[in-house]
Protein chains: 2
Amino acid sequence: MKPSVVMIEPNGHFCDDCAVRGAAVCSSLNAAELREFEHLGRRVHFGAGDTVFSEEDITTSFYNVLEGVMRLYKLLPDGRRQIVGFALPGDFLGMNLSGRHNFSADAIGVVTVCQFAKALFTRFIEDRPQLLRRINELAIRELSQARDHMVLLGRRSADEKVATFLLGWRERQVAIKGLSDTVPLPMSRQDIADYLGLTIETVSRTFTKLERQGVIEIIHGGISLLDPARVEAMAAA
Amino acid sequence: MKPSVVMIEPNGHFCDDCAVRGAAVCSSLNAAELREFEHLGRRVHFGAGDTVFSEEDITTSFYNVLEGVMRLYKLLPDGRRQIVGFALPGDFLGMNLSGRHNFSADAIGVVTVCQFAKALFTRFIEDRPQLLRRINELAIRELSQARDHMVLLGRRSADEKVATFLLGWRERQVAIKGLSDTVPLPMSRQDIADYLGLTIETVSRTFTKLERQGVIEIIHGGISLLDPARVEAMAAA
DNA sequence: ACCCAAATTTGATCTGAGTCAATCGGCTTG
DNA sequence: CAAGCCGATTGACTCAGATCAAATTTGGGT
């Protein structure tokens with residue numbers, strides 16, 4: 001694990017030009033609060049493959065993803081990996097009860113986060129129930145996604161998993177780029193496999209099978225959905 | 001699906017003798033608040049197999065489990081089922097963003113819940129950040145459990161799944177009955193299979209295998225851990 | 001453009017868990 | 001107390017996806 005190459009921007013009034021201001025945790029704050037809030041966080045950049053935090057680390061910061069994609073994962077002692085989710089701009093990371101992150105987070109490609117010192121952030125929340133309510137909403141949304149993913153992991157076939165993944169990923173891109181049949185896949189095949197509870201070979205084979213069936217086209221850095229309806233049919237099963 | 005056989009107790013001051021008062025969502029309230037709070041909820045009883053709420057139902061109530069065990073699950077269109085968790089006394093159910101429950105909940109055996117009308121409860125929370133904070137804690141705890149379960153579903157073998165389940169279930173009983181090597185299993189083999197992403201046959205075979213190895217003993221209504229250390233070794237793997 | 005390392009794809013084979021099909025056992029019911 | 005039922009167990013066989021092993025492609029650096 002190489003050390004994180006980190007760049008920290010000078011602190012300042014940067015919420016104004018923040019891409020996720022409307023979607024993120026910050027959307028619950030009014031102008032005055034936001035002014036106070038922006039002094040708590042600082043933008044931090046990570047390079048491809050950098051680890052932002054690790055499973056066993058004591059939580060000292062919370063993170064608001066501003067840009068890029070992160071993989072969130074847990075490892076078994078023998079090295080098996082399960083990716084429990086991908087974090088996109090607007091996602092808020094670091095909440096836990098144990099005082100430790102209970103999963104690890106790597107940057108996939110370049111990532112920018114807004115990093116908050118845990119203590120300061122916790123104090124700031126204390127008399128801002130709106131912010132707490134917003135955080136709670138995000139947690140509940142994640143919980144719902146987690147349950148959906150359990151169904152996928154426990155009860156779906158490889159074909160269904162891959163089809164569901166493509167549609168789900170496309171859906172998440174909507175917020176960022178609008179609906180498109182071209183689905184960019186910044187993560188590796190291994191990441192996809194570890195997210196779906198499959199091997200890299202099965203993911204690869206499934207992609208090629210779908211391509212031969214004319215349902216998708218494997219393009220540089222992603223997948224093009226030639227027949228979205230058929231992908232949906234495969235996912236529903 | 002048979003109609004729920006429901007008994008509603010007369011409303012009144014019953015928080016005093018509530019078994020979960022210390023553990024549940026209510027633990028965040030002071031005496032005065034609790035007095036007010038108890039008028040919001042009513043105890044409701046369910047019989048074995050009754051459905052408390054269904055996945056597609058519009059959420060009109062929140063539930064605090066007081067007694068018994070519930071299975072929480074999602075169904076695929078073709079009938080495949082994934083149990084996403086079991087609810088025990090102290091668990092709080094019903095939070096969601098969509099306005100619908102996104103999983104179904106059945107009573108396993110007799111269950112008592114404290115049922116709250118959503119609107120009243122939501123209003124009550126509004127100026128009680130303590131309660132909101134408590135609910136948020138429960139959500140975060142569940143999220144952590146959900147991620148652990150994803151690892152189990154996606155990356156563990158049948159043996160590991162069963163061993164992990166037995167230890168996890170034993171652990172949850174601790175809060176109720178203290179640590180014991182006798183693990184009561186109120187749910188059916190099918191429930192266990194649907195929780196672990198296995199078939200009933202595989203669960204059954206794994207139990208018998210463990211019993212033949214002298215690691216567990218299959219007893220009426222549960223399992224006795226003859227060699228807990230070995231079960232732990234199997235679960236860690 | 002060329003080289004190397006890493007990622008991906010493809011092929012051949014294996015196996016853990018699923019499927020299909022009897023029993024078995026314990027509980028309820030008449 | 002026998003019959004019937006339902007959940008659980010057991011056995012035989014199958015198969016989806018894993019594993020092992022090469023190619024092949026891609027991409028970054030010079």
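Computed from a prediction, not measured in an experiment: that's the story for all the values here. What's counted below: heavy atoms across the whole structure, side chains too, no hydrogens, waters or symmetry copies. So that the names make sense, note that chain A is the first sequence line, chain B the second, and so on, each numbered from 1.
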Would you be so kind as to tabulate the donor-acceptor pairs closer than 3.5 Å made by side chains of residues 85-96 of chain A, with sequence neighbours excluded?
residue, atom, partner, partner atom, Å
A:D91, OD2, A:L88, N, 2.8
A:D91, OD2, A:R172, NH2, 2.9
A:N96, OD1, A:S98, N, 3.4
A:N96, OD1, A:G99, N, 2.7
A:N96, OD1, A:R100, N, 3.3
A:N96, ND2, A:T59, OG1, 2.7
A:N96, ND2, A:G94, O, 2.9
A:N96, ND2, A:R100, O, 3.3

Between [X] and [Y] (salt bridge meaning N to carboxylate O under 4.0 Å), is one present in this structure?
X	Y	answer
B:R147	A:E142	yes
A:K209	A:D159	yes
A:R43	A:D17	yes

Rounding to an integer number of Å, can you tell me how far A:R156 CZ sits from D:dA16 C1'?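 Distance check: A:R156 CZ to D:dA16 C1' gives 17 Å.
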In the 5' to 3' direction, the nucleotides of DNA chain C bounding the stretch that comes under 4.0 Å of a heavy atom in chain A are C:dT8 to C:dA12
Below 3.5 Å is the cut-off: list the nitrogen or oxygen pairs between protein and nucleotides 4-8 of chain D, distance only.
residue, atom, partner, partner atom, Å
D:dA8, OP1, B:R189, N, 3.4
D:dA8, OP2, B:R189, N, 3.2

| task | Using distance alone, with no hydrogens and no angle criterion, decide if A:Y73 and A:D106 have a side-chain donor and acceptor under 3.5 Å apart. | result |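 Yes - a donor-acceptor pair under 3.5 Å links their side chains.
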Original post:
If we fit an axis to the first five pairs and another to the last five of the helix from C:dA1-D:dT30 to C:dG30-D:dC1, what angle do they make, to the nearest 10°?
Top reply: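 Computed angle between terminal axes is 50°.
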Numerically ordered, the residues 205-227 of chain A set in heavy-atom contact under 4.0 Å with DNA chain D is A:R205, A:H220
Margin query: Assuming nearest nucleotide by heavy-atom distance, tell me which of A:R155 and A:V203 is located more 5' along DNA chain C.
Written below: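 So the residue in question is A:V203.
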Counting only side-chain nitrogens and oxygens, does A:T202 get under 4.0 Å of the OP1 or OP2 atom of D:dA18?
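So the side chain of A:T202 is within the cut-off, an N or O lying under 4.0 Å from OP1 or OP2 of D:dA18.
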Under 3.5 Å donor-acceptor pairs involving side-chain atoms of residues 210-226 of chain B, not counting sequence neighbours:
residue, atom, partner, partner atom, Å
B:E211, OE2, B:I218, N, 2.9

- Roughly how far apart are A:L75 CG and A:R81 CZ, rounded to 0.5 Å?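 The CG atom of A:L75 sits 7.5 Å away from the CZ atom of A:R81.
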